[in-house]
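The chains referred to below are lettered A, B, ... by the order of the sequence lines, with proteins before strands, and numbering in each begins at 1.
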Amino acid sequence: MPELPEVESVRRQLAPRLVGLAIDRVEADPAMPRYLRPTDAEGLTITSVERRGKYLVASLEDALDLILHLGMTGVLRWRDEDGWEPDAYVRASLHMVDPDGRPAILDFRDVRRFGTLAVTRHGEHDELPTLAALGPEPLGEDFTLAGFAAALRATGQQVKPFLLSQRPVAGVGNIYADEALWRARIHPASRRVGRARSDRLHAAIREVLAEAIEREGTTFRDYQMVNGASGRNAAFLVAYGQEGKPCPRCATAMRKTTIGGRGTTYCPGCQR
DNA sequence: AGCTTGTCCTGACTGC
DNA sequence: TGCAGTCAGGACAAGC
């Protein structure tokens, strides 16, 4: 499940090679309802490859954005490189030509079809409501203690589903929500998060995401980078997927439950 | 308007 | 061994 650290790791591998290339042709499964005008990218040069939350946003000539969301199982691979050959799960491909004249084909493999591929006018993301309403980048200066505290105070939602909504902060998914809430000692179902706990959660989100980026993401099952490598963060998880193991802080057995319809692992001993 | 629930999707896993 | 049922969770729409 690619979250911010996974998408950032992909972006860092992708950007140096992609910037400056022209997209000659886009092959995309026409049956995918979340693919919006992908062929509008044809003939246009990529000028930058940025990331907003879990979205990859490539700027194209003519003031267009090429937006890619990896969904649950999305992976990008260069055709016939690093041991990759396309299979039945490739839903879209970008056909380009490297500066040396060789074809460069980027395949988008997405087993569960939850991914998004869209071309929009630059900055006009109303067709992607979560992107349009996306909260601040957690590692940027717009993610402030006061703003985060105010957002938590204003909502009536449980704290974990609120984080997953992408509105208080961008890029936190199920893995890093569990990790950050554990680190901040906050119960994931809490509806009242005061300033002290809000500040702890703010710091915890930044820490778990920054550490995961350093380790190039968490590979639980599907996630891999553009060269096929796995992330190295899975061994450092203390909450997500750690049901039954002793809490590293208080030794209580980690418990799994469902909150907001999502599997949630937390420590009943020290997350209140 | 905002929160909650259900839906999509398909491979992996569980239990009989 | 085979097969049905369940689970996983991104975003988002429908329902309350």
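Between Arg167(A) and dC3(B) there is a side-chain N or O to OP1 or OP2 distance below 4.0 Å. Residue Tyr240(A) places at least one side-chain N or O under 4.0 Å from the OP1 or OP2 atom of dG9(C). At the phosphate of dT10(B), OP1 or OP2 sits under 4.0 Å from a side-chain N or O atom of Arg113(A). Considering only side-chain N and O atoms, Gln166(A) lies under 4.0 angstrom from the phosphate OP1 or OP2 of dA11(C). For the OP1/OP2 pair of dG9(C) and a distance below 4.0 Å, the side-chain nitrogens and oxygens of Lys160(A) include no atom meeting the criterion.
The distance from atom CD1 of Ile175(A) to atom P of dG9(C) is 8 Å, rounded to the nearest whole Å. Taking atom CZ of residue Arg112(A) and atom C1' of nucleotide dG10(C), one finds them 10 Å apart after rounding to whole Å. As a whole-Å value, the separation of Asp110(A) CG from dG11(B) P is 12 Å.
Counting non-hydrogen atoms under 4.0 angstrom, Thr155(A) reaches the backbone sugars and phosphates but no base. Counting any heavy atom pair closer than 4.0 Å across all strands shown, Gly261(A) reaches no nucleic acid atom. Residue contacts shown for Leu70(A) are absent, as no nucleic acid heavy atom lies under 4.0 Å away. Using a 4.0 Å heavy-atom distance criterion, Phe162(A) is classed as making no nucleic acid contact.
Cluster partners of Trp84(A) are Val90(A), counting Ile, Leu, Val, Met, Phe, Trp and Tyr whose side-chain heavy atoms approach within less than 4.5 Å, directly or via other members. Within the hydrophobic cluster formed by Ile, Leu, Val, Met, Phe, Trp and Tyr side chains joined at under 4.5 Å, directly or through other members, Val238(A) is accompanied by Trp182(A), Met254(A).
If you find the closest nucleotide of DNA chain C to Glu127(A) and to Thr264(A), the one lying nearer the 5' end belongs to Thr264(A). Mapping Thr258(A) and Arg34(A) onto DNA chain C by nearest heavy atom places Thr258(A) closer to the 5' end of the strand.
Ring centroids of Phe220(A) and Tyr240(A) are separated by less than 6.0 Å, placing the two rings close together.
Where stacking is scored as ring centres under 5.5 Å apart with planes under 30°, Phe114(A) registers as stacked on the base of dG9(C).
Residues Lys54(A) and Pro2(A) form no side-chain contact, since every pair of their non-hydrogen atoms from C-beta on lies 4.5 Å or further apart.
With Phe162(A) as the aromatic partner, Arg167(A) does not meet the cation-pi criteria of under 6.0 angstrom to the ring centre and within 45 degrees of the ring axis.
Judged by distance alone with a 3.5 Å cut-off, no donor-acceptor contact links the side chain of Arg262(A) to the base of dA8(C).
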